[in-house]
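Some notes on the structure that comes next.
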Amino acid sequence: MSILVTGGAGYIGSHVVRLLLERGDQVIVADDISSGVVGRIGQAELVQLDLSSTDAVASLNAAFEKYSVDAVIHLAARKQVGESVLRPEFYFEQNIGGMVNLLTAMQQSKVSKIVFSSSAATYGMPDVVAVSEDLICQPINPYGQTKLIGEWMVANASRAWGLKHASLRYFNVAGAGWPDLADTAVMNLVPIVFKALAENRQPAVFGDDYPTPDGSCVRDYVHVLDLAEAHLAALDYLEREDRQSSVFNVGTGVGSSVFEVLAEIRRVSGIDFETSIEPRRAGDPPRLCADVSRIKKELGWEAKRGLAEIIETAWAARS
Ligand code: UDP
């Protein structure tokens, strides 16, 4: 197959690209290289473009034709929750505007399959032990809103012109499938803690008084390579005529608290660090874990790696 991966030079996208190349697909990466790294995409073709730019539709159509593209995996997006609150227009322009252009070009070029990178941020602050895809989504920030609207956009395109789609709601992604594809951004708990340790600072715990077993927030940490494999499973699923669902949680179903993640980092790093307990961070749900029964049943996918492997591979790959 010939597959165009938007955001393929990013942390998650580059894992998807490498798995596709390994299984023999032709891969074209569309990326603006604002946070992506060209060196991560290997033998894939690079089409450097900002999906929200005025010439994006023409560039995409040219790429679709040149490489006879069969399907798109759409990961390119701005993804910082805090920034999305401060710059909502930018987030809508980039994430929604970019997707309007992508779907317009796909319709024009008759590329009728898409796997869309969505997020558990679509759920908002659910008060349940494990969130299932049927829960009503109430995102609490512009980032989560853009992801939910993206899901609606692919569903609308399906009704209007027959787009085949699957949206993957990522939970907390961490780890590294290969050392050269490490998460270089310092935006999430694991890389933030690694940076603090490298600078001899105490990692911060945002709140130890949540209604959870140890008082810190619980999240569902999924290994980036498991997540990448879920994209390939979703792509294969689009070939099937008996598809039932189009939205899937991608997590492990197992929750880990911030203190548990820190304990694992102590074990793997061999550094016996202290932590500093800070106030709660605005907008953090106490617990966000995936109900993973749907993706297991319908896509035949389940996470193979747990927290230990996530921290071990992230630590081995740290820069
Ligand atoms: N967190 C923390 N200290 C940090 C960074 C994050 O205690 O320096 C907590 C955060 O409050 C949340 C969890 O770690 O409960 C995961 O945060 P992250 O930003 O990685 O992902 P999120 O769940 O917000 O998408």
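Note that ligands are numbered from 1 as they come in the structure, with each ligand's atoms numbered from 1 the same way.
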Heavy atoms from other residues, nucleotides or ligands near [atom1] of [X] exceed 12 (cutoff 6.0 Å):
X: K164; atom1: NZ; result: yes
X: I136; atom1: CD1; result: no
X: Q43; atom1: CD; result: no

Side-chain donor-acceptor contact under 3.5 Å, S276 with R201: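 Distance-only check fails for S276 and R201.
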Within 45° cone and under 6.0 Å: R169 NZ/CZ vs Y123 ring: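 Judged by the rule, R169 and Y123 form a cation-pi pair.
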Note every protein N or O atom lying under 3.5 Å from an N or O atom of ligand 1, pairing the names and giving the distance.
from: ligand 1; atom 1: 3 (N); to: A204; atom 2: O; distance (Å): 2.8
from: ligand 1; atom 1: 7 (O); to: F206; atom 2: N; distance (Å): 2.9
from: ligand 1; atom 1: 11 (O); to: D284; atom 2: OD2; distance (Å): 2.5
from: ligand 1; atom 1: 19 (O); to: R281; atom 2: NH1; distance (Å): 3.2
from: ligand 1; atom 1: 19 (O); to: R281; atom 2: NH2; distance (Å): 3.2
from: ligand 1; atom 1: 20 (O); to: N188; atom 2: ND2; distance (Å): 3.2
from: ligand 1; atom 1: 20 (O); to: L189; atom 2: N; distance (Å): 2.8
from: ligand 1; atom 1: 21 (O); to: N172; atom 2: ND2; distance (Å): 3.2
from: ligand 1; atom 1: 23 (O); to: N172; atom 2: ND2; distance (Å): 2.9
from: ligand 1; atom 1: 23 (O); to: R219; atom 2: NE; distance (Å): 2.7
from: ligand 1; atom 1: 24 (O); to: R281; atom 2: NH2; distance (Å): 2.7

Residue pairs, two or more places apart or on separate chains, that pass ring-ring contact (aromatic ring centres under 6.0 Å, His included) and touch residues 238-257: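 Counting only pairs at least two positions apart or across chains, the ring-ring contact (aromatic ring centres under 6.0 Å, His included) contacts touching residues 238-257 are Y237-F248.
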